[in-house]
Amino acid sequence: MDYSDLSREQLINLLVKRDARRKLGLVWERDEIEHDRALNTGFVVMDHRAEHSCGSAPYENLIIEGENFDALRWLRMTHAGRIKVIYIDPPYNTGNKDWVYNDHHVKEEDRFRHSMWLEWLYQRLSLARDLLTEDGVLLVSISDDNRARLELMMDEVFPGMRKGSLVWRSRIGGNDAGECHLSVNHEHVLVYAMPGFRFGGTKKDLGHYKNYDEGADDPWFADNLTVAVKYTDRRAGNAYYSLQDPETGIWYPCNPNGVWRFASKVFLKKGQRTKKAPVEDLIAQGKILFPKDERVQVWHTLDALLDAIDRLDVPFRGGVPILRRGLPDLEFWVGKPVGWGSPLYKRHRSELKSEYAPLSSWVRSKTDEHRDEGVTEISSLMGEEGTTLLNKMFGEKVFNYPKPLSLMKNLLAQVCGGNDLVLDFFAGSGTTAHAVLALNAEDDGRRRFILVSSCENSGDEPDRNLCRDVCAERVRRVAAELGGGDFAYLAARTLPFEDLAYELAPAQVWTAVQALHDLPFTPYDPDQPVHVAVSDQRELVAYCDRFTPEAEDRVRALAQGRTGFVYSWTPGSVREAFEGHRGLEIRAVPDLLVQGFRP
């Protein structure tokens with residue numbers, strides 16, 4: 001920018017403005033690069049390609065061919081707040097021509113390479129954010145090269161939504177990345193989620209719940225009665241106290257480095273209550289297990305106790321004496337029988353909040369499992385699995401570095417239920433859909449998917465169509481192999497807003513209306529006077545391209561006893577025909593769609 005013609009006041013204003021924009025976080029040169037000029041230009045429509053679809057209507061799943069920025073703008077109009085899981089494996093911006101910006105491959109030496117990549121993803125992730133359900137999650141694969149930049153950018157797009165990351169081993173063998181002998185045989189999955197999201201976790205080993213009380217069907221085990229909180233810590237509260245077995249009269253000192261897990265009634269202030277039952281109640285319920293057949297010692301004088309402390313002839317916990325000089329109220333122990341053992345807590349299986357442990361990372365291969373059999377982390381096959389599987393399916397190499405199916409199955413099993421909707425707008429070879437169909441085949445689930453993939457053609461390969469020939473073809477073959485699964489193949493394109501009244505086709509409207517109401521996709525039939533569907537909530541959804549008497553009769557018959565929506569290019573005549581029918585909402589086309597497209 002040329003500053004020579006600016007006045008002193010203008011320069012000061014410019015500096016003030018720039019100072020005000022400074023913040024902690026990531027900054028990239030948005031003003032120095034060419035922005036995605038398609039941000040608000042053109043209305044996105046979907047054309048059904050019956051010849052590339054799989055199965056028969058109504059279709060539960062969608063594969064969208066086209067620029068994912070356009071597809072996301074359409075999905076924001078139709079699927080806002082309805083997608084439980086978004087998984088993407090975007091270009092890693094390695095400089096090895098792994099992605100295209102404004103129709104040109106981005107190379108390592110390109111100026112503003114990182115800024116172009118960040119801006120490119122920023123626009124798409126900003127759209128994706130609006131698609132998540134209240135318990136939805138976004139999972140993003142990335143390598144070490146640009147993880148830091150991507151994570152900082154995502155913190156801006158998804159403030160307060162970062163949950164952490166998973167790491168998985170992407171290959172076995174290979175050399176180090178440089179001169180420091182550090183392997184790069186791993187990748188990351190960044191996790192950003194809405195407040196209601198939780199991972200499924202891994203099944204806990206409950207074999208230690210093997211004790212049964214007579215007449216009870218609730219197994220238990222003897223658990224630690226202490227927590228790792230020092231007695232001087234404010235968190236210790238009133239949990240540092242002596243404990244007595246009411247049957248034997250034996251006393252047990254509290255570990256100064258790990259106080260009791262439960263508070264005592266004796267030390268509660270007036271009106272104070274505990275979140276958990278006090279230890280006295282637990283003793284009465286038989287929940288505290290006192291030691292049997294242990295050493296018991298009585299010190300009749302304080303000097304005798306101090307002598308025992310100096311000789312370390314006192315009870316120990318964790319290699320440390322629990323009676324020592326400097327502790328408060330040592331005189332309390334004079335003349336009392338002191339037990340050498342440690343009371344335990346009788347923990348029943350019914351007290352488990354969940355039978356699943358929190359999710360950790362995929363860091364081991366199948367071949368490593370025998371080396372560490374005590375670890376319960378989920379394992380995943382390596383990246384070579386994805387390549388081997390795809391080569392076997394097609395008989396040749398058709399895609400570089402597909403994600404392993406086992407990784408995607410494990411991820412999806414952790415984050416979505418049997419009826420959830422999954423979106424992948426960097427679908428590549430279609431591993432995400434493969435995993436969805438495989439999980440459905442295993443547990444009879446009804447998970448659905450939406451994939452978005454581009455053609456990735458170029459001047460060298462003008463006829464290349466990755467979406468049609470690899471992604472959709474793979475899913476088609478998987479559906480045939482598993483005996484279930486379908487998809488409607490849609491192609492995205494844009495229309496000028498000013499031409500919608502002339503160029504927006506009835507088939508494109510009906511496609512959008514069905515998606516807007518989460519209906520399975522049924523192709524438009526020009527011979528039908530009205531297109532009608534009923535949602536799972538028993539709502540009527542109708543689209544009248546031409547509001548004829550025949551269309552009116554059909555809607556009127558189906559609207560009996562139902563609420564619903566009627567979409568029409570001539571809403572006035574529809575409202576007049578159904579005046580007094582309180583259950584129907586008449587919506588204008590294309591006005592309502594455009595309003596949703598431009599929130």
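Basis for what follows: all heavy atoms, side chains included, without hydrogens, waters or symmetry-related copies.
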How far apart are the C-alpha atoms of Trp251 and Phe332, what are their side-chain angles, what is the distance that settles it, and do they pass the ring-ring contact (aromatic ring centres under 6.0 Å, His included) test? CA-CA 10 Å; Trp251 289 87; Phe332 175 85; 5.2 Å; yes

Does the plane of the ring in Tyr192 sit parallel, tilted or perpendicular to the ring in Phe158? Use 30° and 60° as the thresholds. tilted

Report the relative orientation of the aromatic rings in His79 and Trp74; use parallel for angles under 30°, tilted for 30 to 60°, perpendicular for over 60°. tilted

Around [X], counting heavy atoms of other residues, nucleotides and ligands shown, do more than 12 lie under 6.0 Å from its [atom1]?
{"X": "Arg582", "atom1": "CZ", "answer": "no"}
{"X": "Lys230", "atom1": "NZ", "answer": "no"}
{"X": "Arg82", "atom1": "CZ", "answer": "yes"}
{"X": "Glu247", "atom1": "CD", "answer": "no"}
{"X": "Asp217", "atom1": "CG", "answer": "no"}
{"X": "Tyr356", "atom1": "OH", "answer": "no"}

Start with the C-alpha gap between Leu139 and Ile86, add the side-chain angles, then the distance that decides, and say whether side-chain contact (heavy atoms from CB on, under 4.5 Å) holds. CA-CA 6 Å; Leu139 307 169; Ile86 300 177; over 6 Å; no

The reported gap from CG in Asn419 to NZ in Lys84 (rounded to nearest 0.5 angstrom) is 10.5 Å

d(Ile309 CD1, Ile322 CD1) to nearest 0.5 Å is 10.5 Å

If we ignore angles and hydrogens, is there a donor and acceptor under 3.5 Å between the side chains of [X] and [Y]?
{"X": "Asp218", "Y": "Ser350", "value": "yes"}
{"X": "Asn440", "Y": "Arg447", "value": "yes"}
{"X": "His434", "Y": "Lys409", "value": "no"}
{"X": "Arg147", "Y": "Ser165", "value": "yes"}
{"X": "Asn257", "Y": "Arg317", "value": "no"}
{"X": "Thr226", "Y": "Asn224", "value": "yes"}

Looking at the rings of Phe262 and Tyr345, which for Trp means the six-membered one, are their centres under 6.0 Å apart? yes

Please confirm whether the ring centroid of Trp333 lies under 6.0 Å from the ring centroid of Tyr252. no

Applying side-chain contact (heavy atoms from CB on, under 4.5 Å), run through Leu190 and Leu138 and close with a yes or a no. CA-CA 8 Å; Leu190 308 184; Leu138 170 68; over 6 Å; no

For a quick test of reading the model, state the closest non-hydrogen atom pair linking Phe290 to Gln244 and the distance between them. CZ-O, 3.6 Å

Any side-chain heavy atom of Ile64 within less than 4.5 Å of one from Leu451? no

Which is it for Leu75 and Leu423 under the side-chain contact (heavy atoms from CB on, under 4.5 Å) test, yes or no, and what are the steps along the way? CA-CA 10 Å; Leu75 289 170; Leu423 167 66; 3.9 Å; yes

Does Arg347 make a cation-pi contact with Trp220 (under 6.0 Å, within 45 degrees of the axis)? no

Check against ring-ring contact (aromatic ring centres under 6.0 Å, His included), Phe487 and Tyr59: CA-CA 6 Å; Phe487 62 82; Tyr59 301 98; 7.9 Å; no

One thing to verify: whether [Y] and [X] come together as a salt bridge, which I'm taking to mean a side-chain N less than 4.0 angstrom from a carboxylate O.
{"X": "Asp420", "Y": "Arg448", "answer": "no"}
{"X": "Glu187", "Y": "Arg169", "answer": "no"}
{"X": "Asp213", "Y": "Lys346", "answer": "yes"}

Tyr240: which of Phe267, Trp260, Tyr231 passes ring pair (Phe, Tyr, Trp, His ring centres under 6.0 Å): Tyr231

Which pairs count as ring-ring contact (aromatic ring centres under 6.0 Å, His included) when at least one residue sits in residues 125-155, sequence neighbours excluded? none

